[in-house]
Amino acid sequence: TTSKKLSIGSTWHKAFINILRSWAPENLTFLLMWLHRQSPIILRSQIQLAPSALRGPCSGPWLKLMEERPSRENAVCCYARFGSAFLVRQRIGYAKFSQRLLDIMCGIFGFVSTASRSADEASAALQRGLVAIAHRGPDGRGTWCSRQREAGLGHVRLSIIDHESGCQPMTTSDGRYTIVLNGEIYNYLELREELGSDAFVTKSDTEAVLQAFARWGPQAVDRLRGMFAFAIWDEKEKCLFLARDRFGIKPLYWCFESRTLYFASEVKALLPFLKERAASPAALSDYFSLQFCLGDKTLMQGVRQMPA
């Protein structure tokens, strides 16, 4: 085992940058947001948990996860963060590991375009985006397109509230508003009471957000308590509304290509629609200088995150 400081300009730093360039940006984010917490970085060639990783009430699930992940070809995996331990391991399939961590949440994807497209093209775009985030929603998948196909919404679901009738995308009875939501609204029962529970068709917190928006418009966000990222399409006004919780717990990214705005819960869902894939020098400079990216920048050129 060797231990080196990851100083800027060092051989280790250059090697690390080369590895980063080969990774999808959402994987980079997962690593970089924790990287500053541990120096030096410990590099190892096998799955071998450090003693500090064996402590703590959460160690059991992580140990089981590691046992299920065999060594893979050249990749880097970050794992076993307990106390002060933060280890970067070589020769472990990072993509597989990070995917496993993300298998506990819903995901949304959609587009709004001024370019005309056929029903097949709209459906193909939605499926292409949802395939990239399929791991987020093991319990179901749904899509919706507007009448003129200028807008499309997709959702992969992990059902927690109202397993039977809480499927998304969800549309109001008059057909005006359609929503896809990732997250959980803690005060949805109070919202139901305030809005009149008799008008609700489901027991889900998603419908509470939808009905609140239909009643109060964008000001409905001020009444929400929870962690969320959602999109609502207004068929009458031909307008898309995107929102994210105040602490930015739930992710929401967007890009604009070929007269079309795409948005998604993960950057990887946007990659198929980018004309060019390149790292953002400004975002990397931000991170290595300040340990976070300023404003709405992400590590991928042309991809932005919705502000919290």
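- When the side chain to side chain donor-acceptor pair (under 3.5 Å) test is applied to S265, no partner is found at least two apart in sequence or on another chain.
- When hydrophobic residues (I, L, V, M, F, W, Y) are linked wherever their side-chain heavy atoms come within less than 4.5 Å, the members clustered with L290 are F292, L294.
- Between E194 and R223 a salt bridge is recorded (basic side-chain N to carboxylate O distance below 4.0 Å).
- No side-chain heavy atom of C106 sits under 4.5 Å from any side-chain heavy atom of V156.
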Between C293 and L299, does the side chain to side chain contact (heavy atoms under 4.5 Å, CB included) criterion hold? Intermediate values first, please. CA-CA 8 Å; C293 296; L299 294 174; 4.2 Å; yes
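- Taking OG of S123 as the reference point, atom CH2 of W144 lies at 13.5 Å (rounded to 0.5 Å).
- Under the rule for a ring-ring contact (aromatic ring centres under 6.0 Å, His included), the partners of F241 that lie at least two apart in sequence or sit in another chain are F213.
- Y262 is linked by a ring-ring contact (aromatic ring centres under 6.0 Å, His included) to F273, counting only residues two or more places apart in sequence or in another chain.
- Here the shortest heavy-atom pairing between A269 and A132 reads CA-CB, 3.7 Å.
- The two residues A208 and R192 come nearest to each other via the heavy atoms CB-CG, 4.5 Å.
- The cationic group of R225 does not satisfy the cation-pi geometry with Y186, failing either the under 6.0 Å distance to the six-membered ring centre or the 45° limit from the ring axis.
- Judged as a salt bridge (Lys or Arg N to Asp or Glu O under 4.0 Å), the pairs with a partner in residues 272-294 (not counting sequence neighbours) are, in order, D286-K297.
- Of all heavy-atom pairs between L130 and G154, the closest is CD2-C, 3.7 Å.
- From M170, atom CE reaches atom CG of L210 across 7.0 Å, with rounding to the nearest 0.5 Å.
- A donor-acceptor contact shorter than 3.5 Å links the side chain of R259 to the backbone of T114.
- Both W254 and L240 belong to a single network of hydrophobic side chains, linked directly or stepwise wherever heavy atoms of I, L, V, M, F, W or Y lie under 4.5 Å apart.
- A single hydrophobic cluster is seen to contain both W216 and L181, as judged by linkage of ILVMFWY side chains at heavy-atom distances under 4.5 Å, directly or through other members.
- Checked by atom type and distance alone, the side chain of R157 never pairs as donor or acceptor with a backbone atom of R141 at under 3.5 Å.
- With contacts defined as side-chain heavy-atom distances shorter than 4.5 Å, the pair S116/Q148 does not qualify.
- Put simply, L126 and L153 are part of two different groups of oily side chains (I, L, V, M, F, W, Y) that touch within less than 4.5 Å, one to the next.
- Cation-pi geometry between R304 and F263 is not met: the NZ or CZ atom fails to fall both under 6.0 Å from the ring centre and inside 45° of the normal.
- Using modelled atom types, one finds no donor on one side chain facing an acceptor on the other under 3.5 Å when comparing Q305 with T298.
- When all heavy atoms are compared, the tightest approach of L195 to A212 is CD1-N, 3.6 Å.
- Under the rule for a ring-ring contact (aromatic ring centres under 6.0 Å, His included), the partners of F230 that lie at least two apart in sequence or sit in another chain are F228.
- In this structure, T202 OG1 and E207 CD are separated by 3.5 Å, a value rounded to the nearest 0.5 Å.
- Note: E266 CD to F109 CZ = 12.5 Å, rounded to the nearest 0.5 Å.
- For E193, the CD atom is loosely surrounded, since the number of other residues' heavy atoms within 6.0 Å does not exceed 12.
- To the nearest 0.5 Å, atoms CH2 (W233) and OG1 (T171) are separated by 13.0 Å.
- Residue I185 holds its CD1 atom at 8.5 Å from CG of D245, rounded to the nearest 0.5 Å.
- T260 places a side-chain N or O within donor-acceptor distance of the main-chain N or O of S258, the cut-off being under 3.5 Å.
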For E184 and D205, what are the C-alpha separation, side-chain angles and deciding distance, and is it a side chain to side chain contact (heavy atoms under 4.5 Å, CB included)? CA-CA 7 Å; E184 184 177 356; D205 53 352; 4.0 Å; yes
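- Here the shortest heavy-atom pairing between R128 and P272 reads NE-CB, 3.4 Å.
- Although no hydrogens or angles enter the test, the distance criterion places a donor-acceptor pair under 3.5 Å between the side chain of E121 and the main chain of S118.
- R246 and A308 get closest at one heavy-atom pair: O-CB, 3.3 Å.
- Hydrophobic clustering places V267 together with L274 (ILVMFWY residues linked when any side-chain heavy atoms are closer than 4.5 Å, directly or through intermediates).
- Criterion: ILVMFWY side-chain heavy atoms under 4.5 Å apart, direct or through other members. Under it, V112 and L270 are not part of a common hydrophobic cluster.
- Q168 and T206 are linked by a side-chain donor-acceptor pair at a separation below 3.5 angstrom, with hydrogens and angles left out of the test.
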